[in-house]
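Written out below as structure tokens is the structure these notes cover.
Every heavy atom of this structure was used, including side-chain atoms; hydrogens, water molecules and symmetry mates were not. Order of listing sets the numbers, starting from 1, for every ligand and every atom in it.
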Amino acid sequence: MQFDKSHLEKDFLSYAPGYWRDRDVSRWDDWTWQLQNRITSLAPLEEKINLTEEERAGVLLSGTKLAMAITPHFFNLIDRDDPGCPVRRQVIPRIEETLHQDYEMSDPCGEDAHMPVPGLVHRYPDRVLFLVTDRCASYCRYCTRSRVVSGAGEQSLETDFEDAYRYLEEHTEVRDVLLSGGDPLLFSDAKLEGILKRLRSIEHIQFLRIGSRIPTFLPQRITPELCGMLQKYHPLFISIHANHPRELTIEVKEGLERLANHGIPLGNQSVLMRGVNDSVEVMRALFHKLLQCRVRPYYLYQMDLIHGSSHLRTGVQKGIEIMEGLRGHTSGYAIPQYVIDAPGGGGKVPVGPEYILSRNDDRVVIRNYEGKIYEYPEPGRPATPRPAEEAATLQ
Ligand SMILES: *Cc1c(COP(=O)(O)O)cnc(C)c1O
Ligand code: SF4
């Protein structure tokens with residue numbers, strides 16, 4: 001029996017057809033139509049929204065760095081007039097992308113130095129990151145892999161699939177493979193299935209996961225056929241990428257529910273960005289909406305030191321403040337781990353508010369989310385017999 005849960009849907013909106021209302025949108029729900037009709041140049045962009053000088057100049061320069069592409073679905077979330085719109089800041093280039101800080105890098109997480117085979121990043125002992133494509137449905141201006149993603153930047157991704165499979169076969173310590181890129185869900189079902197099947201033929205690989213922004217950029221791609229194919233390769237997890245509650249539209253929710261209904265556990269990765277999601281209120285709304293879509297917030301990333309991202313960066317203090325505002329105040333399931341991907345290639349390091357006030361061999365002094373102080377004794381002091389009468393009552 002189906003219960004009426006429509007009251008839970010009220011925060012989920014559909015923005016379609018939005019800026020396309022005067023066009024033929026009979027194929028709106030077809031993901032190939034969405035890709036063919038992406039906004040990729042200045043003229044169609046200016047037809048729809050009012051650009052600032054900073055944005056205009058950014059768009060003209062994006063072809064030499066990270067291409068601009070925005071699916072009609074995602075474009076509809078953009079406010080026509082407000083250059084501070086949190087969705088707009090994520091996908092419309094700005095001239096500030098050409099500004100560099102001396103600590104910014106083209107490969108901030110030091111991935112290229114940890115590639116034993118082109119396209120395969122092996123940084124941690126038991127798991128690898130497998131970059132299977134350099135294309136995405138839309139491009140995020142802060143992309144940590146903008147050196148290779150979109151094909152417009154300084155390098156190109158030269159994944160060698162056969163070499164990668166051979167490496168994985170030889171490295172029996174690898175039990176977890178994370179497919180990423182670019183966006184692996186941009187492949188056809190058949191192509192993606194070929195990769196999953198090949199990985200599943202390697203006995204020591206237990207766990208597969210896919211990192212994808214397709215559920216938020218192109219929810220039309222989450223077809224029943226795709227889900228049916230993916231579920232053959234369980235255990236398979238998907239990490240999605242959403243930064244602002246507005247991204248969770250009714251179409252996105254339906255796509256996520258379809259994935260979940262096929263047994264795929266869903267996590268979310270967000271990037272902390274100035275003017276996008278740098279407040280407790282926005283983050284809390286995002287994480288609550290994610291839980292309603294059956295997605296568990298997984299990581300909140302401090303912005304990587306990618307070239308030209310200083311206009312989107314906040315201090316680490318902001319991230320700590322947000323974590324402080326969540327823990328204890330809302331469901332533990334709604335709280336991601338806040339991490340800094342250590343510049344140069346140290347991997348993800350958890351950061352956050354300090355809850356341990358002091359610690360020695362005898363005791364740990366902690367505080368809770370309200371600032372109240374508690375002591376937890378450390379084991380190690382010899383135990384003494386309980387008083388006789390107390391022991392008797394326990395008989
Ligand atoms: C993030 C990442 C992983 C996965 O890390 P988890 O903490 O296990 O999610 C694996 N390899 C690389 C290179 C990564 O950047
Ligand atoms: S979807 Fe991921 S890989 Fe693609 S541009 Fe955005 S952050 Fe980069």
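Counting the atoms of ligand 1 from 1 in the order shown, those under 4.0 Å from a heavy atom of Leu129 are 11 (N), 12 (C), 13 (C). When each atom of ligand 2 is checked for a heavy atom of Arg213 under 4.0 Å away, the hits are 1 (S). Heavy-atom contacts of Tyr299 reach the following atoms of ligand 1: 6 (P), 7 (O), 9 (O) (cutoff under 4.0 Å). Atoms of ligand 1 found under 4.0 Å from any heavy atom of Val121, numbered from 1 in the order shown, are 13 (C).
When hydrogens are left out, the protein atom nearest atom 2 (Fe) of ligand 2 is His241 ND1, 4.4 Å; that is the closest non-hydrogen contact. For atom 9 (O) of ligand 1, the nearest protein heavy atom (residue, atom name, distance) is Tyr298 OH, 2.6 Å. Nearest protein heavy-atom neighbour of atom 8 (Fe) of ligand 2: Cys143 SG, 2.3 Å.
Residue-level proximity to ligand 1 for Arg127 is carried by the side chain, the only part with a heavy atom below 4.0 angstrom. Under 4.0 angstrom from ligand 1, the non-hydrogen atoms of Arg209 all belong to its side chain.
Note on Cys136: counted as a metal contact of atom 4 (Fe) of ligand 2, an N/O/S atom lying under 2.8 Å. Residue contacts to atom 6 (Fe) of ligand 2: Cys140 brings an N, O or S atom closer than 2.8 Å.
Atom CG of Leu248 is separated from atom OG1 of Thr216 by 8.0 Å, given to the nearest 0.5 angstrom.
No hydrogens or angles considered: nothing links the side chains of Glu247 and Thr249 as a donor-acceptor pair under 3.5 Å. Side-chain N/O atoms of Gln155 and Asp112 include a donor and acceptor closer than 3.5 Å.
Heavy atoms of His114 stay at 4.0 angstrom or farther from ligand 1.
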